[in-house]
Amino acid sequence: SASKAVFASQLRHCESLLDGRHVHSLVTEAGLHGDRFLCNLLIQMYNTCGSLVEARSVFDSLAEPNVFSWNLIVTAYAQHGDLQEAAKLLEQCPVQDTVSWNAVLAGYAQKGQVSEALRFFGRAPNRDVISWNALVSANIRSGSLNGAKLVFVRMPQWTTVSCNTLLSAFGQKGELAETWSIFSNMPERSVVSWNALVVANARAGCIDAARQVFDRTPQRTAASWNAMAAAYAANGEAGKAKSLLLQNSVVDQDTAAWTAILSAYGDRGQVEQAKECFDCMIRRDAIAWNGLLSGYSQAGHIAQAKLVFAKMPQRDVVTFTSLLSGYAQQGQGQAAVAEALQQFKGM
RNA sequence: CCUUCCCUGUCCGCG
């Protein structure tokens, strides 16, 4: 019905857990909480909004979960890092397919657990190119580009994603020759390939080459602009980064770029400029907050860093290490650690 | 029509 389509669209575009819960309550009020299609979207929404518990409870409410429901909940646990539970659900799943197995495999890949991934890959009833791609990723995440390459050459076929995976890994290391070689030999490219090439050139300090690649990129996405702006910022060209962003009409998707700029200011100890960037941002996510805190911390402005720490909506392990390294830089030893621990306890 | 693999920004470490 019409309302189903509306709810579906709303669930796909939820930006926060609170949004999602609100739509969930509307679904319930409309008497559609038994609808499997919407429940599947609810599971997905709760997963992407970070509430595994609520995803699970929607799944458990389903009288007859279908293959999508099962795969969504397996994926949710895998992405959350709970591979035990993901594997357990996979085992209980009466309709498991390659997607379910790949979801767990991707969980191992995300953790960089290569031997576990390999074992799981070997146990799978079926494999496809996505399974192979996950193996490549597992090696990359574990830090073994050589391992990734070995898997890559052994796999039965390549897709653009396969090539992009390897391309990006070499690119992030600034290995320009290897990156260009992969890029040149790709039969088909996507915008992801072009973006990875921008990053590769930036990492290698070749800012003009990065810009040339950016200019030649067909169908640029927000990530393209963000990568190019970050390239400028990291190479000491914050002004160019800003003016590039002003030419970009996708003004709501530039959080990454502004974070890169503020971080570049932070690296140079220009904390006021960093704060200015932060204040100008339309959206501020956890990474942006961490970037600001890190700027203060690195510059030795511990008091400001503590203020940010107190103010930010969420804290994670990066938040802690940023603050800790600020204390450490002041060389205050045990007293510093004790005070940092006090901050952590307050959460 | 809903599920699995790739690109952009934050700290530390490793190379």
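A, B, ... follow the sequence lines: proteins, then strands. Residue 1 opens every chain.
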Can the ring centres of A/Trp132 and A/Phe152 be said to be less than 6.0 Å apart? no
Yes or no on salt bridge (charged side-chain N to carboxylate O under 4.0 Å, His left out) for A/Glu237 and A/Arg211, after CA distance, side-chain angles and deciding distance? CA-CA 12 Å; A/Glu237 302 263 30; A/Arg211 178 60 194 248; over 6 Å; no
Does a distance-only test, which skips hydrogens and angles, find a donor-acceptor pair under 3.5 Å between the side chain of A/Thr321 and the base of B/C12? no
Donor-acceptor pair, distance only, cut-off 3.5 Å: does the side chain of A/Arg284 make one with the backbone of A/Phe278? yes
Are A/Glu178 and A/Lys149 close enough for a salt bridge, meaning some N to O gap below 4.0 Å? yes
Find out whether the Lys NZ or Arg CZ of A/Arg220 is both under 6.0 angstrom from the six-membered ring centre of A/Trp225 and within 45° of the ring's axis. yes
More than 12 foreign heavy atoms under 6.0 Å from CD of A/Gln92: is that the case here? yes
Which of residues 47-65 of chain A have a heavy atom under 4.0 Å from RNA chain B? none
Aromatic ring pairing A/Phe320/A/Phe309, orientation class (parallel under 30°, perpendicular over 60°, tilted between): tilted
Which pairs, protein N/O on one side and nucleotides 13-15 of chain B N/O on the other, fall under 3.5 Å?
none

Scoring nucleotides 3-9 of chain B by protein non-hydrogen atoms under 4.0 Å (B base, S sugar-phosphate only, - none) yields BBBBBBB
So does A/Gly81 get a backbone contact from the side chain of A/Lys111, meaning a donor-acceptor N/O pair under 3.5 Å? yes
Tell me whether the rings of A/Trp101 and A/Phe120 are parallel (<30°), tilted (30 to 60°) or perpendicular (>60°). tilted
